[in-house]
Amino acid sequence: MRLILLGPPGAGKGTQAQLLMKRYGIPQLSTGDMLRASVKAGTSLGVEVKSIMESGALVPDDLIVRLISDRLCDSDCLNGFILDGFPRTEAQATSLDQMLSDRGISLDCVVSITVDQRALVDRIVGRFTCKSCGIGYHETLNRPRVEGVCDACGGKEFFRRDDDKAETVMARLTAYIQQTAPIIPYYKEKGRFLEVNGMGEIEVVQELIVNDLEGRSK
Ligand code: AP5
């Protein structure tokens, strides 16, 4: 299964990708996570993108395309993958087409998650993440079952992202509206496209996606 998850910041792409990854045994390719790992490791890429990410703007296309192109060569992508946060511009979508055609493969579905703008800001400013396994939580909407302990790995340390501040969220939202939303019509015309209402509970949104992917939609 080869999927793209599209949606504004805070729509739930990462949350849904983690669940789909478990269900289908395919990796989540999150460009945001890859970039944050580079920043944390202090690589030259990390140094280059740190301030861009903190401002809420998009990282240059050539850097992102190289990142994904390299990652798609890994053996765990042979049976499929979930692209989370890529592509985000027309140039990235065009490059992805080329990467897929070079490998003789195609996408199974593009899933676009929609959420009310006010909810996006609330979701982002309340988000925190497990330091050891990267699972995301929320102060009020999605707390760990046991206070202070990660449901997935038992980790006890959590962090908040540097770009999860109310003022940066608006810049990220603007980048989405101006640069990413324009690629939606392209994917709508191109092939299987699913628009999902992301305002429901996490499990409900997952069910909508899975039902469609597995041909159980009404
Ligand atoms: P990235 O890391 O991709 O961030 P984003 O797109 O802004 O998306 P988020 O991770 O904030 O949100 P999400 O949709 O994954 O929501 P989540 O599931 O966590 O990118 C960060 C930066 O990196 C960019 O700004 C850019 O600088 C750079 N970058 C990355 N990719 C790039 C690219 N391709 N090109 C150029 N630059 C790039 O959910 C959010 C919260 O809500 C969580 O707390 C969660 O628990 C909660 N939640 C989720 N679903 C629900 C639900 N249904 N109900 C209630 N709560 C929910």
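Bear in mind that the values here come from a model prediction, so they are computed numbers and not experimental data. Counting convention: from 1, in listed order, for ligands and their atoms alike.
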_Sub-4.0 Å atoms of ligand 1 with respect to non-hydrogen atoms of Arg172_ = 4 (O), 5 (P), 7 (O), 9 (P), 11 (O), 25 (O)

*Using heavy-atom distances, let me know which of Asp84, Ile64, Asp164 sits nearest atom 38 (C) of ligand 1.*
Ile64

*Should Ala11 be listed as contacting ligand 1, given a heavy-atom distance under 4.0 Å as the test?*
yes

*Should Pro9 be counted as touching ligand 1, given the test is an N or O pair under 3.5 Å?*
no

*Give a yes-or-no answer on whether the side chains of Asp163 and Thr168 include a donor-acceptor pair shorter than 3.5 Å.*
no

*Relative to atom 21 (C) of ligand 1, which among Arg161, Glu201, Met199 owns the nearest non-hydrogen atom?*
Arg161

*Is there a heavy atom in Ala119 that sits closer than 4.0 Å to ligand 1?*
no

*For ligand 1, which atoms have a heavy atom of Gln92 less than 4.0 angstrom away?*
33 (C), 34 (N), 35 (N), 36 (C)

*Polar proximity ligand 1 side, Ser30 side, N/O cut 3.5 Å exclusive*: no

*Would you check whether Arg36 reaches within less than 4.0 Å of ligand 1, judged by its heavy atoms?*
yes

*What residues form a side chain to side chain donor-acceptor pair (under 3.5 Å) with Ser51, not counting sequence neighbours?*
none

*Check each of Ile135, Leu19, Leu141, Val65 against atom 56 (N) of ligand 1 and report the one with the nearest heavy atom.*
Leu141

*Could I get the full list of ring pair (Phe, Tyr, Trp, His ring centres under 6.0 Å) partners for Phe128, not counting sequence neighbours?*
Tyr137, Phe158

*Among all protein heavy atoms, pick the one closest to atom 20 (O) of ligand 1 and tell me residue, atom and distance.*
Arg88 NH2, 3.4 Å

*Before accepting this row, confirm whether a basic side-chain N of the pair Lys13/Asp84 lies closer than 4.0 Å to the acidic partner's carboxylate O.*
no

*Give the residue, atom name and distance (to 0.1 Å) of the protein heavy atom nearest atom 22 (C) of ligand 1.*
Met53 CE, 3.9 Å

_Return the CD to SG distance between Glu157 and Cys130, rounded to the nearest 0.5 Å._
9.0 Å

*For ligand 1, indicate whether the residue Asn142 contacts it via side chain, backbone, both or neither (heavy-atom separation under 4.0 Å).*
side chain

_Test: Arg172 and Glu167 ion pair at under 4.0 Å_ = no

*Starting from atom 43 (C) of ligand 1, which protein heavy atom do you reach first, and at what distance in Å?*
Tyr137 O, 3.8 Å

*Can you tell me if Gly200 has a non-hydrogen atom under 4.0 Å from ligand 1?*
yes

*Please write down residue, atom name and distance for the protein heavy atom closest to atom 9 (P) of ligand 1.*
Arg127 NH1, 3.3 Å

